[in-house]
Amino acid sequence: MIVKKRELVNPKPVNSQTSPLYTASMDLGIASFVRGWIAKQKKPPLRLIERLLLLIFLFSRFCLFVITFGRPAGFDTGAHLEMLQKLTWGHPDLPIRETFYSYHPPMGFLLARSFHLLGLSPEVSIQIVSALFGLATFFLLRQTLQYLKILHRPASIVFLYVAASVPLQIFIVSGMNLESILLACAAAVLYCGIRLFWGTDPLTKNVKKHPWRCAACGVLAISILAFALLTKFSGILLLTIPPLVAALSPLDRRWWKAVLISIALSFFAGAISFPYYYVRYYVTEGTFFPNNGDWIVTDAFKEARKKRDENPVRFFTNFFDAAPVHLEKGILHRDYDVLRFADTWRDLWLKDQFLGPTNGAAKGAGILYLWVFPMLILAGLPTFLLELKWHSVWTRLGIVLFTFGLLQFAAFLWYLYSEPFAGWGPAKGLYVAPLIWAIAFLAGALFGEGKLPPWRRWALFTLLAVFVFFNHTAPAYA
């Protein structure tokens, strides 16, 4: 009896690993896991879709680098290569009229010069700079969306990957130009501005809490703006980004503080660059923004300006007319007699004959984009305008991108009016590359910020994956 009582009091422990209850719960757990995994495959989370697209994008950029390796591509490749041979860090300036490109500020050429000093060819050195700054642009935009907690939304995913894969953007990150550096600077200043003035914990509204981080972000923004100004004249437009971002920060008692800080950032960046512009350009040429056409094709510029002044209204209406050369020779030919916006829009999707022939697949896709994207823009614009009343982070970001794009376009019009000689090719799409962001934003607006049914998620992934991979591996500008 005693033994039995002890057995009752201290029963033999049961191995929980082999108990029927444990086994049943394990079976249920595995079954639940399998069912959940299958459900995820049928209805993939947007986070997974974005990461898959990220892998495809990085692989595509690698393929692009291999395809275009060492191949000079650009409108003035010889002039760009010449600057790498003549400029040095010890002597960073040339006389403004000495070479075709010596009127440009030097920083973009000096960066490529640094890789050239390592023993790389000038072509590869420039290509590396373009590729690195192209990746920087992408990841800075991605980080901006992630900080705002809108990265894993349909609209943001479309915006990010369309903006990174438009044919002109691919040309910028693989060719010889200074726009790849400016776009990266614009993306960096945008991120710094949003980090300073937006979000749940903006640095400027918690200076006492994050004094060093706030100061570092401000100094970084000033440095990037000054660097952009010392890379190309159009870097001056980047000075508008911090005030734009600050003006769209939440309206509270600290709003004026944010606006004043943003203006101070742009002011200090301009003040740092002003002595260089004054001494190098204004003292020698009488203008802060000289154009090499004024001394290379002086008579042609004078004649073009005289013709413009005779009928300014007609000068502007010509922009919107169809180019006769497109009807006679095809869309790939540029009008070198009259300035046309048709050439500017074409450049976003196709290269013109000046840069050489285009392969058949890229030409077909470019013509498709040429006609499809206007419809996407027209469809996405009302959607975006209707969402303005919600004052969401997405819509505020769109306002910044659109306003910056409009400023780019206004500056472009001023440039065309000032330098109206069509034979100089001033109506290039390359000069309004930031408009790509506004176009991609409107395309993203069609997909909304909410959830998508499974079939639309798969459709979204498939369309973007094809768009990214094809445009990189069959580049229109190669």
Original post:
Ala187 and Leu140: which non-hydrogen atoms are nearest, and at how many Å?
Top reply: CB-CB, 3.9 Å
Original post:
Where the side chain of Trp345 meets the backbone of Leu370, is there a donor-acceptor pair that is under 3.5 Å apart?
Top reply: yes
Subject >> Atom pair NE2 (His391) and CZ (Arg396), whose distance is rounded to the nearest 0.5 Å >> reply: 9.5 Å
**OP:** Would you indicate whether the side-chain heavy atoms of Phe267 and Leu239 approach each other to under 4.5 Å?
**Re:** no
Original post:
Any side-chain heavy-atom pair from Ile56 and Tyr161 closer than 4.5 angstrom?
Top reply: no
Subject >> Spacing of OG belonging to Ser165 relative to CZ belonging to Arg61, to within rounding of 0.5 Å >> reply: 6.5 Å
**OP:** Could you please spell out the steps behind the ring-ring contact (aromatic ring centres under 6.0 Å, His included) verdict for Phe289 and Tyr415?
**Re:** CA-CA 11 Å; Phe289 307 110; Tyr415 175 63; over 10 Å; no
**OP:** Identify, with sequence neighbours excluded, every residue that meets side chain to side chain contact (heavy atoms under 4.5 Å, CB included) alongside Leu237.
**Re:** Phe404, Gln408, Ala411
**OP:** Answer yes or no: is there a side-chain heavy-atom contact under 4.5 Å between Thr240 and Thr403?
**Re:** no
Original post:
Should Lys389 and Thr395 count as side-chain neighbours, where that means a heavy-atom distance under 4.5 Å?
Top reply: no
Subject >> Residues Ile126, Thr77; criterion side chain to side chain contact (heavy atoms under 4.5 Å, CB included); working and verdict >> reply: CA-CA 10 Å; Ile126 297 170; Thr77 55; over 6 Å; no
Original post:
Is Ser156 reaching over with its side chain to a backbone N or O of Ile150, donor-acceptor style, under 3.5 angstrom?
Top reply: yes
Original post:
Measuring from Tyr191:OH to Ile241:CD1, what's the distance to the nearest 0.5 Å?
Top reply: 15.5 Å
Subject >> With sequence neighbours excluded, residues passing ring pair (Phe, Tyr, Trp, His ring centres under 6.0 Å) with Phe412 >> reply: none
Original post:
Do you know which two heavy atoms are closest between Leu183 and Ala433, and how far apart they sit?
Top reply: CD1-CB, 4.1 Å
Subject >> Over all atoms of both residues, closest heavy-atom pair of Thr473 and Pro475 >> reply: C-CD, 3.3 Å
Subject >> Donor-acceptor pair, side chain of Arg71 and main chain of Ile67, under 3.5 angstrom >> reply: yes
Subject >> CZ-CG distance between Phe441 and Leu381, expressed to the nearest 0.5 angstrom >> reply: 10.5 Å
Original post:
Between Lys428 and Asp352, is there a salt bridge with N-O shorter than 4.0 Å?
Top reply: no
Subject >> Aromatic ring proximity, centroids under 6.0 angstrom, Phe233 and Tyr281 >> reply: yes
Original post:
Can you tell me if His116 uses its side chain to pair, donor with acceptor, with the backbone of Ala112 under 3.5 Å?
Top reply: no
Original post:
Pick from Tyr277, Tyr278, Tyr276: which one makes a side-chain hydrogen bond (donor to acceptor under 3.5 Å, both in side chains) with Arg280?
Top reply: Tyr276
Subject >> Derivation and outcome, side chain to side chain contact (heavy atoms under 4.5 Å, CB included), residues Leu225 and Phe268 >> reply: CA-CA 9 Å; Leu225 289 170; Phe268 282 119; over 6 Å; no
Original post:
Nearest 0.5 Å, what's the CZ-CD distance between Arg142 and Gln146?
Top reply: 5.5 Å
Original post:
Is there a side-chain contact between Ser223 and Val219, using heavy atoms and a 4.5 Å cut-off?
Top reply: yes
**OP:** Over all heavy atoms of both residues, which pair between Val166 and Leu348 is shortest? Give the atoms and the distance, please.
**Re:** CG1-O, 3.4 Å
Original post:
Would you find a donor on one side and an acceptor on the other, under 3.5 Å apart, between the side chain of Tyr477 and the backbone of Leu355?
Top reply: no
Subject >> side chain to side chain contact (heavy atoms under 4.5 Å, CB included) evaluation trace for His91 with Lys86 >> reply: CA-CA 9 Å; His91 299 281; Lys86 293 194 172 186; over 6 Å; no
Subject >> Test side chain to side chain contact (heavy atoms under 4.5 Å, CB included) applied to Arg308 - qualifying residues, sequence neighbours left out >> reply: Arg305, Phe315, Tyr417, Pro420
Original post:
Any luck finding a side-chain donor-acceptor pair between Thr68 and Gln127 under 3.5 Å?
Top reply: yes
Original post:
Are the side chain of Ser249 and the backbone of Val245 linked by a donor-acceptor contact shorter than 3.5 Å?
Top reply: no
Original post:
When you check the side-chain N and O atoms of Asp347 and Tyr431, is any donor under 3.5 Å from an acceptor?
Top reply: no
Original post:
Got more than 12 heavy atoms from elsewhere within 6.0 Å of OH, Tyr282?
Top reply: no
**OP:** Could you tell me whether the side chain of Ser102 and the main chain of Pro95 form a donor-acceptor pair under 3.5 Å?
**Re:** yes
Original post:
Out of curiosity, Trp394 CH2 to Leu388 CG, how far, rounded to the nearest 0.5 Å?
Top reply: 12.5 Å
Original post:
Are any of the side-chain heavy atoms of Phe341 and Phe409 separated by less than 4.5 Å?
Top reply: yes
Subject >> Evaluation steps, ring-ring contact (aromatic ring centres under 6.0 Å, His included), between Phe316 and Phe319 >> reply: CA-CA 6 Å; Phe316 281 106; Phe319 291 159; 5.7 Å; yes
Original post:
Do the side chain of Thr383 and the main chain of Leu446 share a donor and acceptor less than 3.5 angstrom apart?
Top reply: no
Original post:
Is the number of heavy atoms from other residues, nucleotides or ligands within 6.0 Å of CH2 (Trp256) greater than 12?
Top reply: no
Original post:
Are Phe59 and Leu55 side-chain neighbours, meaning at least one heavy-atom pair lies under 4.5 Å?
Top reply: no
Original post:
So which heavy atom on Leu430 is nearest to which on Phe75, and how close?
Top reply: CD2-CD1, 4.3 Å
Original post:
Ile236 versus Phe288: any side-chain heavy-atom pair under 4.5 Å?
Top reply: no
Subject >> Backbone N/O of Phe100 and side chain of Asn292: donor-acceptor pair under 3.5 Å >> reply: yes
Subject >> Derivation and outcome, side chain to side chain contact (heavy atoms under 4.5 Å, CB included), residues Phe57 and Leu135 >> reply: CA-CA 10 Å; Phe57 168 79; Leu135 285 175; 4.2 Å; yes
Subject >> Nearest heavy-atom neighbours spanning Trp89 and Ser114 >> reply: NE1-OG, 3.0 Å
Subject >> Side chain Thr231, main chain Met107, donor-acceptor under 3.5 Å >> reply: no
